[in-house]
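Keep in mind it's a predicted model, so treat the numbers as computed, not measured. Whatever order the structure lists ligands and atoms in, that order sets their numbers, starting from 1.
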Amino acid sequence: MKIAGSVALVTGANRGLGRAYARELASRGAAKVFAAARHPDQVTEPGVIPIALDITDPQWVGDVAAECADVSLLVNNAGVMRASTFIGAPSLDAARAEMETNYFGTLSMCRAFAPVLAANGGGAIVNMLSVGSFYTNPFTASYGASKAAAWSLTNGVRLELHHQGTLVVAVHASFIDTDMAALVDAPKVSPESVAKMAFDAVEAGQIEVLADERTRTIKASLSRDHELIYPPIQEFWDAAVQGSH
Ligand SMILES: NC(=O)c1ccc[n+]([C@@H]2O[C@H](COP(=O)([O-])OP(=O)(O)OC[C@H]3O[C@@H](n4cnc5c(N)ncnc54)[C@H](OP(=O)(O)O)[C@@H]3O)[C@@H](O)[C@H]2O)c1
């Protein structure tokens, strides 16, 4: 689909990657960009329309879908990462918060906007996933589980909406230079580069974006994950556990 002339809605558009998505849409000539945020007063990007939305509230999601009935491109970007382990975390709170936002919030958005997209010619959904959709890492364990669930959801929504002509794009990335990865000391890609790749994919009708070398390597290694992906993570984790004793 063409971005120019489309009507788009981006969740979590007040900062980080969401702001870059909104900016890129405006620069590609989208007719309207709804910049959804929990605190819309924090949306400072010129040329976009701030709109209040917490994606974990299905009623609110439904109201926004009714209000933004001209949307043809939905960008599910909002997400949380609580750096929580499966076993060592003090409670299930972080795991639940990540699942509520990254999986159930994204699912609510897809369900509410599916008929809107159908009414507007099919359009497209971009779901912001992660390299963590492909494997588990103890440092961000429950986040990875939520992104794996969101990857499964993305593949399923693509199958269910094929008949109405909706393109469903999965965007996977390793570290992106935003607040979420602020404490990470590793190579990061810019949010602008991820936004460009995502919308190039939308315009080309591609269903998957692997935004950096590490993400491409991990995806290519999945059939041999227990030889190639997990041993170095195990070594790193064991050293961290030993270091903490
Ligand atoms: N940064 C990375 O390394 C990286 C890598 C791969 C994938 N991702 C994914 O990229 C997406 C954007 O993350 P980011 O890097 O831009 O992180 P970020 O800087 O922490 O921004 C997260 C955004 O999501 C919003 N948000 C969180 N919970 C929400 C909710 N319940 N309803 C509505 N908005 C909510 C936040 O709003 P508030 O300002 O109100 O908190 C904020 O706008 C996420 O899905 C993340 O998982 C990030």
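- At a 4.0 Å heavy-atom cut-off, ligand 1 touches Val80 through the side chain alone.
- At the shortest separation from atom 35 (C) of ligand 1 among protein heavy atoms lies Ala78 CB, 3.5 Å.
- At under 3.5 Å, not a single nitrogen or oxygen of Gly16, backbone or side chain, sits near a nitrogen or oxygen of ligand 1.
- In this structure, the protein non-hydrogen atom closest to atom 43 (O) of ligand 1 is Asn14 OD1, 2.7 Å.
- Between the choices Met109, Met180, Lys188, Arg15, the shortest heavy-atom distance to atom 13 (O) of ligand 1 belongs to Met180.
- Within 6.0 Å of atom CG in Asp41, more than 12 heavy atoms from other residues, nucleotides or ligands are found, so the atom counts as buried in its surroundings.
- Counting non-hydrogen atoms of other residues, nucleotides and ligands closer than 6.0 Å to CZ of Arg82 gives a total of 12 or fewer.
- Asn155 and Ser152 share no side-chain donor-acceptor pair at under 3.5 Å.
- Counting only heavy atoms of the protein, atom 8 (N) of ligand 1 lies nearest to Tyr143 OH, 3.7 Å.
- Ranking protein heavy atoms by distance to atom 7 (C) of ligand 1, first place goes to Leu129 O, 3.1 Å.
- At least one N or O atom of Ile55 sits closer than 3.5 Å to an N or O atom of ligand 1.
- Remark: distances from the non-hydrogen atoms of Ala20 to ligand 1 are all 4.0 Å or more.
- Hydrophobic clustering (side-chain heavy atoms under 4.5 Å, transitive across Ile, Leu, Val, Met, Phe, Trp, Tyr) groups Trp60 together with Ile51.
- Other residues, nucleotides and ligands contribute only 12 or fewer heavy atoms inside 6.0 Å of the CG atom of Leu183.
- The residue among His172, Arg38, Glu100 with a heavy atom at the shortest distance from atom 40 (O) of ligand 1 is Arg38.
- Nearest protein heavy-atom contact of atom 45 (O) of ligand 1 is Asn77 O, 2.7 Å.
- Look at Glu208 and Lys219 and you find a salt bridge, because one of the NZ, NE, NH1 or NH2 atoms lies within 4.0 Å of a carboxylate O, short of that distance.
- Side-chain contact annotation: Glu98 with Ser142, donor-acceptor N/O pair under 3.5 Å present.
- Within a 6.0 Å sphere centred on CZ of Phe86, other residues, nucleotides and ligands contribute more than 12 heavy atoms.
- No heavy atom of Met81 sits closer than 4.0 Å to any atom of ligand 1.
- For the pair Lys147 and ligand 1, a heavy-atom separation below 4.0 Å is found.
- For the residue pair Asn120 and Ser72, no side-chain donor N or O sits within less than 3.5 Å of a side-chain acceptor on the partner.
- More than 12 heavy atoms of other residues, nucleotides or ligands lie within 6.0 Å of CD in Gln42, so this atom counts as buried by the packing criterion.
- Looking at Ile207 and Val168, their side chains never come closer than 4.5 Å, going by heavy atoms from C-beta outward.
- By the criterion of a heavy-atom distance under 4.0 Å, the backbone of Ser174, and not its side chain, is placed next to ligand 1.
- The single protein non-hydrogen atom nearest to atom 25 (C) of ligand 1 is Gly12 CA, 3.8 Å, given as residue, atom name and distance.
- Checking Asp179, Thr178, Val10 against atom 1 (N) of ligand 1, the nearest heavy atom belongs to Thr178.
- Within the 4.0 Å heavy-atom shell around ligand 1 one does not find Gly105.
- Around atom 6 (C) of ligand 1, the closest heavy atom drawn from Ala181, Ala173, Ala211 belongs to Ala173.
- Atoms of ligand 1 lying under 4.0 Å from any heavy atom of Met128, numbered from 1 in the order shown and given with element: 7 (C), 9 (C), 10 (O), 11 (C), 45 (O).
- Between atom 2 (C) of ligand 1 and the options Val171, Ile176, Thr215, the minimum heavy-atom separation is to Ile176.
- If you check each of Val43, Leu53, Thr11, Val184 against atom 33 (C) of ligand 1, the one with the closest non-hydrogen atom is Leu53.
- Among the atoms of Ser130, none of the N or O lies under 3.5 angstrom from an N or O of ligand 1.
- Among all non-hydrogen protein atoms, the one lying nearest atom 31 (N) of ligand 1 is Asp54 OD1, 2.9 Å.
- Note on Leu153: it clusters hydrophobically with Met109, by side-chain heavy-atom contacts below 4.5 Å among ILVMFWY residues.
- Around atom CZ of Arg216, more than 12 heavy atoms belonging to other residues, nucleotides or ligands sit under 6.0 Å away.
- For the 3.5 Å distance criterion, the side chains of Gln242 and Asp238 fail to qualify, holding no donor opposite an acceptor.
- Ligand 1 does not have Val131 within reach: every non-hydrogen atom of the residue lies 4.0 Å or more from it.
- Within a 6.0 Å radius of CZ in Arg214, more than 12 heavy atoms belonging to other residues, nucleotides or ligands are found.
- What sits closest to atom 22 (C) of ligand 1 on the protein, heavy atoms only, is Gly79 O, 3.6 Å.
- Within ligand 1, counting atoms from 1 as listed, the ones closer than 4.0 Å to a heavy atom of Phe175 are 3 (O).
- Near Thr56, meaning under 4.0 Å from one of its heavy atoms, ligand 1 places the atoms 31 (N).
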Verdict with supporting geometry, Ile125 and Val169, side-chain contact (heavy atoms from CB on, under 4.5 Å)
CA-CA 6 Å; Ile125 298 175; Val169 181; over 6 Å; no

